[in-house]
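In what follows, a single structure is set out as structure tokens and then discussed.
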Amino acid sequence: MDVKVSDFTIDKKDMKFMLLNKSNLFVFLLLAGILTSCINTKKAIYFPEVGNTIIPASTVPVAPDVIQKNDLLNINVSSLDKDNTIFNAPNLLVTTGNNTLLGYLVADDGTIQFPILGNIKADGLTKEQLRLNIQKRLQDEQLLKGPIVTVRLLNFRVTVLGEVKNPTTIDVPSEKISLLQAIGLAGDLTIYARRDNVAVVRQKPDGSREITRINLNSAELLSSPYYYLKSNDVVYVEPNKSKVASTGRGQQWVPAVLSGLSLIAIFADRLIK
């Protein structure tokens, strides 16, 4: 049987259709590969295995916060005496953002300068211990009748870094904030966050720093002693493997893919012409 070359002639419109289809298929496969590039949905949500339940409180005793050098304290003194204003005269004015704070700064030697009483040790004490010390001295030295003292920490803040929408430092006037609240105030975790290995960096009273890893996929967080953060805690959220891989190789393969698409477009245009 004789076969003519003309039998294999392809119309230009058919050629254009075939090339465009191949280009579209290539782009589709590329996008499909990117979109399905291995994000486990169970690792992208909080507490995936937890239904309606009650989580018991932590049985591990949590040490109270201790005052540290450079802390800013609010100390208020009241009593049956009418004239106690001298004991409510803070020695430092600090402006942070839109807030103006008046308080007693804990100096590098660990003391505060308190009216009449002079230098008082504060570093290493809890707020309750400092409160009782001041109250006892005011009463023992008969400076006030029935003194009542309250101590608050004005610079209670935590920092959230890493794979969150808005890395930030958060001031906590109430002196109480959970890990989940801090993450929420930082705009929540990104899709690239590694939720099973969140680091909490905490400064200890002796100046050392403790790093604890938290699994946000586990309900154990809700009963953990690290559920509530302490002053000056730093929360660091690591990127997952997908983010690391895309950051490491993205600048290499994306230009190559774009170049390939350009070559296909040029080849198709010349064939059609």
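- A side chain to side chain contact (heavy atoms under 4.5 Å, CB included) with S78 is found for one member of T150, V149, N88, I148 and no other, namely I148.
- Between K165 and D188, every side-chain heavy-atom pair lies at or beyond the 4.5 Å cut-off.
- For the atom pair CG (N232) and NZ (K230), the distance works out to 11.5 Å, reported to the nearest 0.5 Å.
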Trace of the side chain to side chain contact (heavy atoms under 4.5 Å, CB included) decision for L229 with V200
CA-CA 9 Å; L229 300 175; V200 176; 4.2 Å; yes
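- Counted by atom type alone, T168 and N166 present zero donor-acceptor pairs between their side chains at under 3.5 Å.
- If you chain together hydrophobic residues whose side chains sit under 4.5 Å apart, V234 and V160 never meet in one group.
- V151 and L132 fall into different hydrophobic clusters, defined by Ile, Leu, Val, Met, Phe, Trp and Tyr side-chain heavy atoms under 4.5 Å apart, directly or through other members.
- Atom CD of Q142 has 12 or fewer heavy atoms from other residues, nucleotides or ligands within 6.0 Å.
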Let's go through I75 and I112 carefully: what are the C-alpha distance in whole Å and the side-chain angles of both, what is the deciding distance for side chain to side chain contact (heavy atoms under 4.5 Å, CB included) to 0.1 Å, and is it a yes or a no?
CA-CA 11 Å; I75 302 175; I112 59 172; 3.5 Å; yes
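- I183 and V201 fall into different hydrophobic clusters, where Ile, Leu, Val, Met, Phe, Trp and Tyr residues are linked whenever their side-chain heavy atoms come under 4.5 Å apart, directly or through other members.
- Here the NZ atom belonging to K127 is positioned 11.5 Å from the CZ atom belonging to R131, to the nearest 0.5 angstrom.
- Between F114 and Y104, the ring planes are tilted. Angles from 30° to 60° get that label.
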Check the pair L143 / L117 against side chain to side chain contact (heavy atoms under 4.5 Å, CB included), numbers first and verdict last.
CA-CA 10 Å; L143 296 172; L117 299 180; 3.6 Å; yes
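- The side-chain heavy atoms of Y227 and I214, taken from C-beta on, include no pair separated by under 4.5 Å.
- Under a 4.0 Å N-O distance rule, the pair D196/R194 qualifies as a salt bridge.
- With sequence neighbours excluded, the residues forming a side-chain hydrogen bond (donor to acceptor under 3.5 Å, both in side chains) with D233 are R202, listed by chain and number.
- For the ring pair (Phe, Tyr, Trp, His ring centres under 6.0 Å) condition, no pair includes a residue of residues 139-175, sequence neighbours left out.
- Contact annotation: the side chain of L221 approaches that of L179 to within less than 4.5 Å [non-hydrogen atoms, C-beta and beyond].
- Atom CD1 of I177 sits about 4.5 Å away from atom CD1 of I170, to the nearest 0.5 Å.
- When each of N155, L154, V106 is checked for a side chain to side chain contact (heavy atoms under 4.5 Å, CB included) with L73, only V106 meets the rule.
- In this structure a side-chain-to-backbone donor-acceptor pair under 3.5 Å is present from S224 to Y226.
- In this structure, the separation between CG on N133 and CD1 on I120 is 8.0 Å, given to the nearest 0.5 Å.
- A donor and an acceptor atom, one from each side chain of D123 and Q68, are nowhere located under 3.5 Å apart.
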Is there a salt bridge (Lys or Arg N to Asp or Glu O under 4.0 Å) between D171 and R157 once you walk through the steps?
CA-CA 4 Å; D171 290 311; R157 58 176 58 96; 3.1 Å; yes
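- With rounding to the nearest 0.5 Å, the separation of CD1 in I67 from NZ in K121 is 10.0 Å.
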Audit row: L189, L216, side chain to side chain contact (heavy atoms under 4.5 Å, CB included) steps and yes/no:
CA-CA 11 Å; L189 305 182; L216 298 183; 3.7 Å; yes
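- Judged as a salt bridge (Lys or Arg N to Asp or Glu O under 4.0 Å), the pairs with a partner in residues 137-147 (not counting sequence neighbours) are, in order, K136-D140, R137-E141.
- Interatomic distance, K176 NZ to Q181 CD, rounded to the nearest 0.5 Å: 9.0 Å.
- Atom CD1 of I86 sits in a sparse spot, with 12 or fewer heavy atoms from other residues, nucleotides or ligands closer than 6.0 Å.
- With hydrophobic clusters built from ILVMFWY side chains whose heavy atoms lie under 4.5 angstrom apart, V164 shares a cluster with V172.
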